[in-house]
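Below: one structure, written as structure tokens.
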Amino acid sequence: MAIYQYKREPLSDDEVNRLINVCKKPIEKLVIITLLDTGMRVSELANLTKENIQWQEKRIVIYGKGGPYGKKTKRRIIPMTDRVYALLSAWFVLNDKIGVSKRDIQYHITKLANRAGITKPCSPHVLRHTFAVNCIKKNISTRTLQHLLGHDHLTTTEIYLNLSPEDACREFIQKW
């Protein structure tokens with residue numbers, strides 16, 4: 001009897017572009033791009049405040065999953081891309097926190113995926129998975145990715161490393 005391990009399929013570059021292009025409201029663009037460019041968990045984005053941002057260094061300080069006794073005390077730092085920096089700067093001029101619940105973030109993503117015509121499952125975790133795959137495509141080391149995702153064990157990070165068959169074939173042809 002074979003044991004089947006579910007693997008989330010990351011979004012393709014085309015699907016990512018379609019998802020971004022259907023954003024109409026600032027909060028929609030902020031949610032999609034921040035999750036795609038940081039790999040944050042949905043709860044980490046929902047709890048983000050001005051105090052989490054190191055503006056000069058262009059970094060986000062996250063107190064995420066894990067830590068002693070299951071408390072959210074594990075600290076990590078995530079660099080901001082230019083587009084995340086621009087979106088968060090604009091948002092936090094008017095707001096002290098993101099102000100959107102985990103459930104609302106999930107709702108926005110589902111609604112936008114439908115609007116973009118994406119038929120495969122699309123959730124905050126699929127965007128996290130897409131971030132991980134894009135890091136690997138950019139030759140970011142698995143150790144660095146482990147830190148960015150906030151994993152204690154490299155084996156946890158490796159779950160995110162399933163590339164699409166097209167990506168695997170493309171890399172083989174480029175490097176062979």
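These numbers come from the heavy atoms of this one structure, side chains and all, not from hydrogens, waters or symmetry mates.
Partners of K175 by salt bridge (charged side-chain N to carboxylate O under 4.0 Å, His left out), not counting sequence neighbours, listed by chain and number: E171. Under the side-chain hydrogen bond (donor to acceptor under 3.5 Å, both in side chains) criterion, E15 pairs with S12, K120, sequence neighbours left out. Judged as a side-chain contact (heavy atoms from CB on, under 4.5 Å), and not counting sequence neighbours, the contacts of S141 are R143, T144. In this structure V16 satisfies the side-chain contact (heavy atoms from CB on, under 4.5 Å) test together with L11, I20, L36, T130, sequence neighbours excluded. Every residue two or more places apart in sequence or in another chain that forms a side-chain contact (heavy atoms from CB on, under 4.5 Å) with N21 is listed here: N17. Under the side-chain contact (heavy atoms from CB on, under 4.5 Å) criterion, D13 pairs with N134, K137, sequence neighbours left out. In this structure D37 satisfies the side-chain hydrogen bond (donor to acceptor under 3.5 Å, both in side chains) test together with T81, R83, sequence neighbours excluded. In this structure H151 satisfies the side-chain hydrogen bond (donor to acceptor under 3.5 Å, both in side chains) test together with R128, T157, sequence neighbours excluded. Evaluation of the side-chain hydrogen bond (donor to acceptor under 3.5 Å, both in side chains) rule for N139 yields no partner, not counting sequence neighbours.
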Quick one, T38 with I62, criterion side chain to side chain contact (heavy atoms under 4.5 Å, CB included). Give me CA distance, side-chain angles, the key distance, then yes/no. CA-CA 11 Å; T38 64; I62 297 293; over 6 Å; no
Under the side chain to side chain contact (heavy atoms under 4.5 Å, CB included) rule, what do D96 and T49 come out as? Steps first, then yes or no, please. CA-CA 6 Å; D96 291 332; T49 67; over 6 Å; no
V84 and L87: CA distance, side-chain angles, deciding distance, side chain to side chain contact (heavy atoms under 4.5 Å, CB included) verdict: CA-CA 5 Å; V84 168; L87 289 165; 5.6 Å; no
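Here the closest non-hydrogen pair linking C122 and L19 is SG-CD2, 4.3 Å. In plain terms, the two heavy atoms of L148 and F131 that are nearest each other are CD1-CZ, 4.1 Å. Closest approach of L154 and T142 over heavy atoms only: CD1-O, 3.7 Å. When every heavy atom of L48 is checked against every heavy atom of F92, the shortest pair comes out as O-CZ, 4.2 Å. Taking every heavy atom of both residues into account, I109 and I32 meet most closely at CG1-CD1, 3.8 Å. Of all non-hydrogen atoms in A46 and I98, the two that sit nearest each other are O-CB, 4.3 Å.
I77 and Y63 fall within the same hydrophobic cluster, defined by Ile, Leu, Val, Met, Phe, Trp and Tyr side-chain heavy atoms under 4.5 Å apart, directly or through other members.
Interatomic distance, R18 CZ to C23 SG, rounded to the nearest 0.5 Å: 13.0 Å. Separating the NE2 atom in H125 from the CD atom in Q106 is a distance of 11.5 Å, to the nearest 0.5 Å. Taken from CD1 in I140 to CG in L145, the straight-line distance is 7.5 Å, to the nearest 0.5 Å. Put simply, CG on L45 and NZ on K102 are 12.0 Å apart, with the number rounded to the nearest 0.5 Å. Here the CG-NZ distance, from D82 to K58, works out to 4.0 Å after rounding to the nearest 0.5 Å. Atom CE of M80 is separated from atom CZ of R59 by 9.5 Å, given to the nearest 0.5 angstrom.
Hydrophobic cluster membership of L94, counting Ile, Leu, Val, Met, Phe, Trp and Tyr whose side-chain heavy atoms lie under 4.5 Å apart directly or via other members: V93.
At least one side-chain heavy atom of I60 sits under 4.5 Å from a side-chain heavy atom of M40. Using a 4.5 Å heavy-atom cutoff, the side chains of L112 and V31 are not in contact.
Judged by distance alone, with hydrogens and angles left aside, the side-chain atoms of Q146 form a donor-acceptor pair with the main-chain N or O of D152 at under 3.5 Å. A donor-acceptor contact shorter than 3.5 Å is absent between the side chain of W91 and the backbone of A86.
Pairs passing the ring pair (Phe, Tyr, Trp, His ring centres under 6.0 Å) check and including a residue from residues 24-61, sequence neighbours excluded, read W55-Y85.
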